[in-house]
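Quantities reported herein were computed from a predicted structural model and do not represent experimental measurements.
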Amino acid sequence: MMGSAMAQDFSIGPKVGVSQGNIAVNGEGYSSGDSKLGYHVGAFVRMGGSSFFIQPEFLYTNTGGQIIQKDDAGEERNIDASFNRLDIPMMLGFKVANFFRLQAGPIASILLDYKIEDAVQVAQDVDYRNATIGYQAGVGLDIGNLILDLKYESSLGKNSKSVAGFETDQRQNQIVLSAGFRLF
């Protein structure tokens, strides 16, 4: 029994997908706005046995969302955010019936660049962190060499502590749908 649990499996391949992201905001005069459709492209490696596995991924990700700023007079201003990141999720999982997976793990996100602007495309002064740690959790299906994942992602810490000099607690949240292809 221990020998079958220790049998090693190794897979590598490309991975692409889409996400629906928003920015959770907690601050005086700020609220979350509309979600943004994003994408990711990269590669995955899966290592493990017949039941448990570890799956690091290396992804270029474009995501974002909208922040609504309300002034003292009640006027609202929409601020659109777009982020380009290098995401490195480290999924730990459990296989059920050789085709269904439950998985969760940490994700390191390195901010490559970002664009924050209001409705008239005026750039906003935002102090974003260069890197954050978060988590992902979800389910997956293995159909032949095709792998499908549906995951929820959130940040464990603030992405930014201010917008235009005003205190906020911003955290990126998203639903991630992706497909990969095992080359071997």
Side-chain angles (χ1 to χ4, degrees), residues 1-25 32 34-66 81-114 128-159 170-184:
M1 173 125 172
M2 191 62 142
S4 66
M6 298 302 290
Q8 292 295 306
D9 181 30
F10 179 82
S11 301
I12 189 169
K15 192 166 191 184
V16 298
V18 295
S19 62
Q20 185 72 26
N22 71 359
I23 302 171
V25 181
S32 298
D34 293 337
S35 297
K36 179 184 187 293
L37 187 63
Y39 65 89
H40 57 273
V41 60
F44 74 94
V45 176
R46 186 181 302 161
M47 303 166 283
S50 58
S51 296
F52 297 99
F53 66 91
I54 184 169
Q55 181 173 306
E57 301 173 4
F58 306 92
L59 306 168
Y60 172 82
T61 302
N62 174 270
T63 187
Q66 188 178 72
S82 180
F83 308 103
N84 293 312
R85 310 182 314 208
L86 172 62
D87 286 344
I88 307 168
M90 183 67 71
M91 304 308 294
L92 305 171
F94 179 73
K95 296 179 188 175
V96 179
N98 286 334
F99 67 91
F100 183 74
R101 292 176 280 112
L102 298 174
Q103 55 195 359
I107 177 172
S109 295
I110 301 165
L111 186 62
L112 301 174
D113 66 10
Y114 65 92
Y128 279 105
R129 295 177 187 246
N130 292 333
T132 58
I133 298 291
Y135 65 90
Q136 289 186 342
V139 295
L141 290 176
D142 293 338
I143 304 167
N145 284 349
L146 180 66
I147 68 165
L148 301 171
D149 290 317
L150 177 63
K151 300 184 280 190
Y152 173 78
E153 176 185 320
S154 188
S155 178
L156 293 174
K158 296 178 183 182
N159 292 347
Q170 295 180 37
R171 297 171 193 258
Q172 178 78 37
N173 302 307
Q174 59 182 348
I175 300 292
V176 179
L177 177 63
S178 59
F181 186 78
R182 290 190 285 198
L183 297 175
F184 57 87

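Between Ser50 and Lys95 there is no side-chain heavy-atom pair separated by less than 4.5 Å. Between Val139 and Gln103, the closest side-chain pair of non-hydrogen atoms is not below 4.5 Å. Side-chain contact between Asp149 and Val176 is absent, with no heavy-atom pair separated by less than 4.5 Å. Inter-residue side-chain proximity for Phe53 and Arg101 is flagged as met; some heavy-atom pair is nearer than 4.5 Å. Residues Tyr135 and Ile107 fail the side-chain proximity criterion, which asks for heavy atoms closer than 4.5 Å.
Qualifying side-chain hydrogen bond (donor to acceptor under 3.5 Å, both in side chains) partners for Tyr60, counting only residues two or more places apart in sequence or in other chains: Asn84. For Glu57, the side-chain hydrogen bond (donor to acceptor under 3.5 Å, both in side chains) test picks out Lys15, Gln55, Lys151, with sequence neighbours left out. Listed by chain and residue number, Asn62, Ser82 satisfy the side-chain contact (heavy atoms from CB on, under 4.5 Å) test with Lys36 (two or more places apart in sequence, or in another chain). Contacts of Ala43 classified as side-chain contact (heavy atoms from CB on, under 4.5 Å), with partners at least two apart in sequence or in another chain: none. Val45 is linked by a side-chain contact (heavy atoms from CB on, under 4.5 Å) to Phe10, Ile12, Met47, Pro56, counting only residues two or more places apart in sequence or in another chain. Ser19 pairs by the side-chain hydrogen bond (donor to acceptor under 3.5 Å, both in side chains) definition with Gln174, not counting sequence neighbours. Listed by chain and number, the residues in a ring-ring contact (aromatic ring centres under 6.0 Å, His included) with Phe94 are Phe52 (sequence neighbours excluded).
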_side chain to side chain contact (heavy atoms under 4.5 Å, CB included) between Leu150 and Ile175, worked out_ = CA-CA 7 Å; Leu150 177 63; Ile175 300 292; 3.9 Å; yes
*asked:* Under the criterion side chain to side chain contact (heavy atoms under 4.5 Å, CB included), I'd like the reasoning laid out for Met91 against Ile54: C-alpha separation, chi angles, the key distance, then a yes or no.
replied: CA-CA 6 Å; Met91 304 308 294; Ile54 184 169; over 6 Å; no
*Stepwise, does the side chain to side chain contact (heavy atoms under 4.5 Å, CB included) test hold for Ser32 with Gln66?*
CA-CA 6 Å; Ser32 298; Gln66 188 178 72; over 6 Å; no
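Atom CG of Leu59 is separated from atom CG of Leu86 by 8.0 Å, given to the nearest 0.5 angstrom. Distance CD1/Ile147 to OG/Ser11: 8.0 Å, rounded to 0.5 Å. For the atom pair Ser154 OG and Asn22 CG, the distance stands at 9.0 Å (nearest 0.5 Å). To the nearest 0.5 Å, the span separating OG on Ser109 from CG on Asp87 amounts to 3.5 Å. To the nearest 0.5 Å, atom CG of residue Leu146 and atom CG of residue Leu141 are 9.0 Å apart. Here the CG atom belonging to Asn173 is positioned 8.0 Å from the OG atom belonging to Ser155, to the nearest 0.5 angstrom.
Under a cut-off of 6.0 angstrom, the local environment of CG in Asn98 is sparse, with at most 12 non-hydrogen atoms contributed by other residues, nucleotides or ligands.
Sorted pairs that involve residues 172-184 and meet salt bridge (Lys or Arg N to Asp or Glu O under 4.0 Å), not counting sequence neighbours, are lacking altogether. A salt bridge (Lys or Arg N to Asp or Glu O under 4.0 Å) check over residues 40-52, counting only residues at least two apart or in different chains, returns the pairs Arg46-Asp142.
Gln136 and Pro89 make their closest contact through OE1-CB, 3.5 Å (heavy atoms, listed as atom of the first residue, atom of the second, distance). Contact between Leu148 and Ala179 at its shortest, heavy atoms only, is CD2-CB, 3.8 Å.
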